[in-house]
There are 6 protein chains.
Amino acid sequence: MNSPGSRSERYKKGEALLNRIHGTHTGDAIVSALEDVCPDLASMTIEWGFGEIVSRPGIDLKTRQLVTVASCVTLGHAKPQLQAHIEGALSVGATKEEIVEVILQVALYAGFAAATNAMLLAKEVFASYSTGDN
Amino acid sequence: MNSPGSRSERYKKGEALLNRIHGTHTGDAIVSALEDVCPDLASMTIEWGFGEIVSRPGIDLKTRQLVTVASCVTLGHAKPQLQAHIEGALSVGATKEEIVEVILQVALYAGFAAATNAMLLAKEVFASYSTGDN
Amino acid sequence: MNSPGSRSERYKKGEALLNRIHGTHTGDAIVSALEDVCPDLASMTIEWGFGEIVSRPGIDLKTRQLVTVASCVTLGHAKPQLQAHIEGALSVGATKEEIVEVILQVALYAGFAAATNAMLLAKEVFASYSTGDN
Amino acid sequence: MNSPGSRSERYKKGEALLNRIHGTHTGDAIVSALEDVCPDLASMTIEWGFGEIVSRPGIDLKTRQLVTVASCVTLGHAKPQLQAHIEGALSVGATKEEIVEVILQVALYAGFAAATNAMLLAKEVFASYSTGDN
Amino acid sequence: MNSPGSRSERYKKGEALLNRIHGTHTGDAIVSALEDVCPDLASMTIEWGFGEIVSRPGIDLKTRQLVTVASCVTLGHAKPQLQAHIEGALSVGATKEEIVEVILQVALYAGFAAATNAMLLAKEVFASYSTGDN
Amino acid sequence: MNSPGSRSERYKKGEALLNRIHGTHTGDAIVSALEDVCPDLASMTIEWGFGEIVSRPGIDLKTRQLVTVASCVTLGHAKPQLQAHIEGALSVGATKEEIVEVILQVALYAGFAAATNAMLLAKEVFASYSTGDN
């Protein structure tokens, strides 16, 4: 989508942040999942999403992850993203309690159905995450 | 809905918090707007919403307001609530920059149409708020 | 869209039901609002919506209006339709209390923002309706 | 969340109603599913949702279930809740025909995709329910 | 729902178009999936959806499929319909590249979560479709 | 957000396309509306949205506008964007009939409430546009 030169700086910045939040090989996983269908969507996610938006100062990474969780709970249908961002929130220092509070707060706006489904997904994420001891 | 005795403690706690976040007479305004149609919805908002959810520890009030802003941006149609929670975020210490960052972050999940409309609403709120100098 | 012959029976049945629920000139109003842009959408609304779905037995008209109110509250953005169906519910015998209960019940699934906005719209509808004494 | 004393009355009322609508052990199931992640969400669902909203008079339980089905069909993403409320509607006396009519009516507002998916879920619920002979 | 005579013409037109877009036995599949729960929903889909809307001139079938894909991506929760309409778009001459472009364009309005999930579904459809060599 | 050098090429490409689709001064209008609140959102819209997505080949501009209209109709709440994209569709050669067909097609997925509201908005756009004779 860009010349390698212009891409690489933003892209590398985005990729580094993506890996910091979502784990070391996540950038590769997104790239490989999308490479046969739309590699530019992977590039845009990394370069724009992470390299230009998520990397902005103004709010700390933990708050950024928590508001992203709130948005995904509200959408209702974005289960893979909700899971990834609950994990990401834990990775950048949010506690389970904080994530639970976010979901509970959002229940008032997105409804208790969306919040309950999100809470049960959070429970699964917490269970697999806590083997690594959060 | 409840006996006055059991209500009053939670209700008063909720009302105090509502007034702290949204301004002194907001509790009265909600009560009077709904009193002819469904006073129990006002009571539930104050007693449950504020008295039992918003008042929980676990995340600070500023983070709570920011995730609420994120949820309202994502809904797309909840304009009065989005306006109220942008104001509320400012009241509990969020800066304009932090609110702007939340809306921009949510653009990735809720789309740029919802985010742009939210940003223009934030601009209006900031304009009227900054006469009080934020 | 159809030959006048095949249309007329369903169309007339739909139009009669539309006028019964929403008031005598509503069919004409829908037809005239859409006639310059897409008259077939008016025909489909009357012939299909009212002539084939709303006219089905299986649930009575009052229940049908109440579930339609629930759906419009949940959508959040369909304000003209929500208003029309609150009016329609009153016209086929629902009480204000029943409509209020439906909105409150839906708050649990669609969130308190959507429900509050719907309740304040219901209040307006009730106010203008009760001059005709409900 | 509350002192056991203040909770117990509303909670017990909510739990009894939950069990009446959704089956005897459902209250326990919700409590145990959420106990490791957010037991207060279970309490709120039972105490507020069932103890204070679902238990209100004003509309009968069957109508209340049918409007809840309408809201869940409209959300589109709340499959576990839609299933639970179709079952709940049958439990409080709604017929399969009434539930089918509700879903068909909602198709006009939530779209035929949401309605078709809901209808196929209803078919599954009806199939497992009718061994108990509805 | 209709007398066989009045139905048959629109119905046959709709069924022929449905089979053209979605494959020869799809009409039968929809009819048989819904026949135990709401056969009229199958009839309406075929007779109205395909016989009266999809069969309209004004836009060609390929464009019609692409805008339907856009709508289903935006809904977020309509996975079976999104899959069916990606397949349908291919059947009426859309290329994989065109479908990918539609999903990417919609990312700006429906968010990158919905678009990414849609893109990965498109990838699956393309994989199974290309054995037949698109 | 970028060094002026790296931005200017994509930005200028995006701005030129934005002005081609939405009218000569639209780029300036977006920039000035957002400049006091979040100028980077204007830059991203122009640089990413228009410079990198809308400017892609693969589908022609008319089809791109029509799928954008479909997405905005489906969102239900994005009225300013729906209006802008109906105008944009006309600007790049879509006829009123094509836009009407898109909205009608989307009715099946987004519901007749969203479609009717969109159709009435299209009627307004067509009325103001046709003084320039479309």
Residues in residues 115-124 of chain F that sit under 4.5 Å from chain E, counting heavy atoms only: none
Let me know if E:V54 has heavy atoms under 4.5 Å from chain F in its side chain, its backbone, both or neither. both
Structural part of E:L108 lying under 4.5 Å from a heavy atom of chain F: side chain
Looking only at heavy atoms, which of residues 71-80 of chain E get nearer than 4.5 Å to chain F? E:S71, E:C72, E:T74, E:L75
Within residues 13-20 of chain E, the residues sitting under 4.5 Å from chain F by heavy atom, in sequence order, are none
What is the distance from atom [atom1] of [X] to atom [atom2] of [Y], rounded to the nearest 0.5 Å?
X: F:L41; Y: F:T45; atom1: CG; atom2: OG1; value: 4.5 Å
X: E:Y129; Y: E:I99; atom1: OH; atom2: CD1; value: 8.5 Å
X: E:L90; Y: E:K96; atom1: CG; atom2: NZ; value: 7.5 Å
X: F:K62; Y: E:I59; atom1: NZ; atom2: CD1; value: 9.5 Å
X: F:R10; Y: F:S43; atom1: CZ; atom2: OG; value: 12.0 Å
X: F:M44; Y: F:I46; atom1: CE; atom2: CD1; value: 12.0 Å

Can you check whether E:H85 reaches E:R64 side chain to side chain, under 4.5 Å on heavy atoms? no
Measuring only between side-chain heavy atoms, which start at C-beta, is F:W48 closer than 4.5 Å to F:I53? no
Which one wins on heavy-atom pair count under 4.5 Å against chain E: F:P57, F:G49, F:G58? F:G58
Check the pair F:V100 / F:F126 against side-chain contact (heavy atoms from CB on, under 4.5 Å), numbers first and verdict last. CA-CA 10 Å; F:V100 163; F:F126 295 166; 3.8 Å; yes
Residue pair F:R56, E:E101: steps toward the side-chain contact (heavy atoms from CB on, under 4.5 Å) verdict: CA-CA 8 Å; F:R56 291 167 66 95; E:E101 282 307 315; 2.8 Å; yes
Suppose we screen for side-chain contact (heavy atoms from CB on, under 4.5 Å). Which residues come up paired with F:A42, at least two apart in sequence or across chains? F:I30, F:V31, F:L34
Under 3.5 Å, is there a donor on one side chain and an acceptor on the other for E:D60 and E:T63? yes
As a quick check of understanding, evaluate side-chain contact (heavy atoms from CB on, under 4.5 Å) for F:Q65 and F:H22, giving each step before the final call. CA-CA 11 Å; F:Q65 283 304 117; F:H22 294 291; 4.3 Å; yes
Evaluate F:F50 against F:I21 for side-chain contact (heavy atoms from CB on, under 4.5 Å), listing each step before the verdict. CA-CA 10 Å; F:F50 285 86; F:I21 299 172; 4.1 Å; yes
